[in-house]
J.: 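Structure below; questions to follow.
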Protein chains: 2
Amino acid sequence: MRLDERKLQVLQSVVEDFVRSGEPVGSRTISRKYLVGVSSATIRNEMADLEEMGLLEQPHTSAGRVPSDRGYRVYVDHLMPPHTLTEQELSLISSLYARKAREMESLIQQTARLLSEATNYLALILGPQLSQTTFRHLKILPLNEEKALLVLVTDAGFLEKGLLEVPGGVGPQELDYIAAVLNDRLRGMTVDRIAQEAWKELRSELSQYRFILEQAFQLLVETVGKESEERVYLGGTANILRFPEFQRLERLQSLLARIEGEEGLVNLLPEVSDSQVVILIGGELTQQDLRDCSLVAAKYHIGPSLVGRVGVLGPRRMEYARVLSLVGHVTETLSRVLSRSAGF
Amino acid sequence: MRLDERKLQVLQSVVEDFVRSGEPVGSRTISRKYLVGVSSATIRNEMADLEEMGLLEQPHTSAGRVPSDRGYRVYVDHLMPPHTLTEQELSLISSLYARKAREMESLIQQTARLLSEATNYLALILGPQLSQTTFRHLKILPLNEEKALLVLVTDAGFLEKGLLEVPGGVGPQELDYIAAVLNDRLRGMTVDRIAQEAWKELRSELSQYRFILEQAFQLLVETVGKESEERVYLGGTANILRFPEFQRLERLQSLLARIEGEEGLVNLLPEVSDSQVVILIGGELTQQDLRDCSLVAAKYHIGPSLVGRVGVLGPRRMEYARVLSLVGHVTETLSRVLSRSAGF
DNA sequence: TTTAGCACTCACAGAAAAAGAGTGCTAAAG
DNA sequence: CTTTAGCACTCTTTTTCTGTGAGTGCTAAA
């Protein structure tokens, strides 16, 4: 059976009405609101066809129709009218970034909040994959007899600091020496590579300072390594209560637990190809318990190599067009602001 | 009317049975489970008296009785048996802190999680009031022609860092000079005081470096000032779904919104006097929408002057004894660990 | 002062009934 | 061959009604 013009119109109407109302939509509604001049009986025939093709489904006999995953997919890929952001949306976004760029962390956190407010869905952002960042240099500043301050500067302008305990008998000159060696050997390496290779060599090379090295390494790994790249920023947790899909408490329970755990959220965001916004609908999400949700995701960049991910999670009946352009615009802006403030 | 021994026993029984079951408790239950040898009719009389005194209330005629705010208050103040932490609880706590002390932030975050797991309620912790911290010293490290790194060390061993833009023509010696002046003038002052008084003087004194000073000041205020002391750490958000008090979605909605906002939570935790755990029951919380909740709160200390607050929010029918001792023990431990790692 | 007995109240659960929305099918019209 | 009107049918949702049980308050006796 062919998807002719009118079938597409019917599909589009069903999707858009359902997105707005959340109620299954019937033939009469369409014949009166969307395709005036065509009788409800005709629409019924078209709908039966669309159902046979797997684009619509019926919650039960004698209810209206609801789009299926594939129905949404066709809508998103072919039918969705382009959405241009409203003045209001644009100014909301630009006013956030207009302020002086503050710390990266809080900027990302604010972005999550912004996205959730603008979309009314749940926004999640993964911190940049810092393990891909490259080491620039470090300094060791003696504070007093026993303690010294270690400062790390990386590629993207990130700074990390930590306290070192200095064993008795190690003086400032020796700390300088350690720093010099480290700087010389590690410059330009990615954090990953340092953790994997370079470290072992250094450890035997500077074995008399092992105690200090261990601490420095610890700091490097803890703050920049695997753990921190999984950092999740959330906005709009309360929004998930808004849509009726989650009025069932069990659903809510499992989703909230997932959110709390944060680990579950990391795998949620799929790999996204560059400068593209990806939409995953219902069952296209691998997570069983999210089969009633959809996700709109994209990447952001800091400089050439550092990337993080942004996603908006909402009910399957999501305002795809609007969210799509919001996510696109926000990731672009975020990338620009972060890159600028990191000195690229 | 006097609160004789038996009335107190009845009150205690009602509270403890209701805390466990969540169901209003009737005279028969008490006569059989708690005061064997006294008939239900007698209990009914006692209960009527207790109700008249405002310690119990009836959801409706012909339901059992439920403790009122004042009833809980009497229970908490006089009737509650002391709770000693179980082996299990103790080991859960000590195993968290046994690990090497990591960053303060993550330690606090973990504590929130721990408390929520141990109590099954919502745990919230306010970060320490950094504005009470005193300035120790700062360093300015030139990174390249245009940028320098500012490192702040304060009283409690906290470090803050930030990038400075250095205007053309300002060389390393001048940066050293600025740092020296600042160190000399600000040492030992609280951050609050610097913000209020000292700053203005310095600004005119070093007016030719105003651009750099502004940035340094900005950093100081942003990271250590008012804003950051309101930082809220949460654990167990999902727990609030557990208790039936919040099965009504509107309630949940408003609480979650409050949680998300975080501002609302700051005022939630009352001023607490030192080394004491405070319990606020139902209407004793000023927030209207939390009149079905109770809060157990305490202070923690880092060194002599820095304080933060810890709270556990749960349903009014809370296991007060257990939560009380948990909060007490956790704040003590947290204080000790944080103080030690800050070098006190 | 305590207890037994009894009538009364109220929420809750389940069944039955009524209302409503929407469909599928058939037959007629264009 | 396509579109439309009409109608019976299905299924959910809402409302109404009724029975049941837990628990109380009161009275009178121990």
Side-chain angles (χ1 to χ4, degrees), chain A residues 1-11 13-15 17-18 20-68 71 244-245 247-248, chain B residues 1-11 13-15 17-18 20-68 71 244-245 247-248:
Chain A
M1 199 176 311
R2 245 187 63 73
L3 261 180
D4 59 15
E5 181 61 25
R6 195 170 62 190
K7 284 193 176 39
L8 288 176
Q9 283 182 348
V10 172
L11 176 58
S13 308
V14 171
V15 171
D17 198 83
F18 182 63
R20 211 189 348 267
S21 72
E23 300 290 321
V25 16
S27 53
R28 201 176 131 78
T29 312
I30 294 195
S31 124
R32 293 219 301 190
K33 290 212 305 192
Y34 301 93
L35 290 167
V36 216
V38 185
S39 83
S40 69
T42 310
I43 304 289
R44 274 203 288 286
N45 289 331
E46 299 287 32
M47 280 173 134
D49 291 348
L50 285 167
E51 181 165 3
E52 202 181 333
M53 286 188 265
L55 301 182
L56 293 182
E57 37 194 47
Q58 253 179 319
H60 56 265
T61 350
S62 96
R65 300 303 209 296
V66 160
S68 68
E245 280 78 354
Q247 302 287 343
R248 298 269 142 254
Chain B
M1 198 175 313
R2 241 187 67 72
L3 259 182
D4 59 15
E5 181 62 24
R6 195 170 61 190
K7 283 195 176 39
L8 289 176
Q9 284 182 347
V10 172
L11 176 57
S13 308
V14 171
V15 170
D17 198 84
F18 182 62
R20 213 189 347 267
S21 72
E23 300 291 322
V25 13
S27 53
R28 202 176 132 79
T29 312
I30 293 194
S31 126
R32 293 218 303 189
K33 290 211 306 191
Y34 300 94
L35 289 167
V36 215
V38 184
S39 84
S40 68
T42 310
I43 305 289
R44 273 203 288 286
N45 289 331
E46 298 287 31
M47 281 172 132
D49 292 349
L50 286 168
E51 181 164 2
E52 201 181 333
M53 287 187 263
L55 302 181
L56 294 183
E57 37 195 47
Q58 253 180 317
H60 55 265
T61 347
S62 97
R65 299 303 210 293
V66 160
S68 68
E245 281 77 354
Q247 302 289 343
R248 299 265 143 257

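Naming: A, B, ... by sequence-line order, numbering from 1 per chain.
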J.: Of the non-hydrogen atoms in B:V10 and B:M47, which two are nearest, and what is the gap between them?
T.: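 Shortest heavy-atom contact: CG1-CG, 4.1 Å.
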J.: Give a yes/no on whether any side-chain N or O of B:T61 is located under 4.0 angstrom from OP1 or OP2 of C:dT9.
T.: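 No, outside the criterion.
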J.: Nearest heavy atom decides the nucleotide; on that basis, is A:G64 or B:P59 closer to the 5' end of DNA chain C?
T.: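 Upstream on the strand: B:P59.
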J.: Measure CZ/A:R32 against C1'/C:dG22 and give the value in whole Å, please.
T.: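 Distance check: A:R32 CZ to C:dG22 C1' gives 14 Å.
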J.: Report yes if at least one side-chain N or O of A:R65 is closer than 4.0 Å to OP1 or OP2 of C:dG24; otherwise report no.
T.: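 Result: yes.
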J.: For D:dG23, does the base pair up with any side-chain atom of B:R28 as donor and acceptor (N or O, under 3.5 Å, distance only)?
T.: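 Counting by modelled atom types and ignoring angles, no donor-acceptor contact under 3.5 Å is found here.
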J.: Is there a donor-acceptor pair under 3.5 Å between the side chain of A:S21 and the backbone N or O of A:D17?
T.: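 Pair found, side chain donor or acceptor close to backbone of A:D17.
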J.: Under 4.5 Å between any side-chain heavy atoms of B:L3 and B:L50, yes or no?
T.: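 A side-chain contact under 4.5 Å exists here.
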J.: Just how far, in rounded Å, is P of C:dT23 from CD of A:E52?
T.: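 Interatomic distance, CD of A:E52 to P of C:dT23: 16 Å.
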J.: Rounding to a whole Å, what distance do you find between A:D4:CG and D:dT3:C1'?
T.: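 Taking CG of A:D4 and C1' of D:dT3, I get 14 Å after rounding.
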J.: Rounded to whole angstroms, how far apart are CE on B:M47 and P on D:dC26?
T.: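 My rounded result for the distance is 15 Å.
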J.: Using whole Å, what does the distance between atom P of nucleotide C:dT23 and atom CD of A:E46 come to?
T.: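 Rounded to whole Å, this separation is 13 Å.
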J.: Could you tell me whether the side chain of B:E46 reaches within less than 4.5 Å of the side chain of B:V38, counting heavy atoms only?
T.: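 No; the side chains remain at least 4.5 Å from each other.
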J.: Any base atoms under 4.0 Å from A:S40, or only sugar-phosphate, or nothing? Heavy atoms, all strands.
T.: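 A:S40: no heavy atom of the nucleic acid under 4.0 Å.
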J.: May I have the distance from A:R2 (atom CZ) to D:dT2 (atom P), rounded to whole angstrom?
T.: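 After rounding, the reported distance stands at 14 Å.
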J.: Between the side-chain atoms of A:S62 and the base atoms of D:dT10, is any donor-acceptor pair under 3.5 Å?
T.: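 Such a pair exists between side chain and base.
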J.: Rounding to an integer number of Å, can you tell me how far A:L35 CG sits from D:dT4 P?
T.: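 Rounding to the nearest Å, CG of A:L35 and P of D:dT4 are 11 Å apart.
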J.: Is the distance from OP1 or OP2 of C:dA21 to the nearest side-chain N or O of A:R44 less than 4.0 Å?
T.: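 No, no such contact exists.
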J.: For B:P24 and A:R6, take the nucleotide of DNA chain D holding the closest heavy atom to each; which residue's nucleotide lies nearer the 5' end?
T.: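 Comparing both residues, the 5'-ward one is A:R6.
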J.: Return the nucleotide paired to D:dA29: Watson-Crick means purine N1 to pyrimidine N3 with N6-O4 or O6-N4, wobble means G-U with N1-O2 and O6-N3, both under 3.5 Å.
T.: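 Looking at the geometry, D:dA29 pairs with C:dT2.
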J.: Give me the atom names and distance for the closest heavy-atom approach of B:R65 to B:V14.
T.: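 In this case the closest contact between B:R65 and B:V14 is O-CG1, 4.0 Å.
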J.: Identify which nucleotide among D:dA5, C:dT2, D:dT12 has an atom closest to any side-chain atom of B:T42, counting heavy atoms from C-beta outward.
T.: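 The answer is C:dT2.
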J.: Just name whichever nucleotide pairs with C:dC10, Watson-Crick or G-U, keeping both distances under 3.5 Å, else none.
T.: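 C:dC10 is paired with D:dG21.
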J.: Of the candidate nucleotides C:dC10, D:dT4, D:dT10, which contains the atom at the shortest distance from the side chain of B:H60?
T.: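 Nearest nucleotide to the side chain: C:dC10.
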J.: Out of D:dC11, D:dT4, C:dT3, which nucleotide sits closest to the side chain of B:A41?
T.: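 Closest nucleotide to the B:A41 side chain: C:dT3.
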J.: Compare the minimum distances between each of D:dT24, C:dT9, D:dC11 and the side chain of B:S27, then state the nucleotide with the smallest one.
T.: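 Closest of the options to the side chain of B:S27: D:dT24.
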J.: What integer distance in Å separates B:N45:CG from C:dT3:P?
T.: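 In whole Å, C:dT3 P lies 10 Å from B:N45 CG.
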J.: In terms of side-chain heavy atoms of B:Q58, which of D:dT24, C:dT3, D:dT4 is nearest?
T.: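 Looking only at side-chain atoms, B:Q58 lies closest to D:dT24.
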J.: Between C:dC10, D:dT4, D:dG25, which nucleotide has the shortest distance from any of its atoms to the side chain of B:E51?
T.: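 In terms of side-chain proximity for B:E51, the closest of C:dC10, D:dT4, D:dG25 is D:dG25.
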J.: Using a 3.5 Å distance criterion without hydrogens, assess whether the side chain of B:S68 forms a donor-acceptor pair with backbone atoms of B:G54.
T.: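 At least one qualifying donor-acceptor pair exists.
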J.: Just name whichever nucleotide pairs with C:dG20, Watson-Crick or G-U, keeping both distances under 3.5 Å, else none.
T.: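 Paired with C:dG20, as far as the under-3.5 Å criterion goes, is D:dC11.
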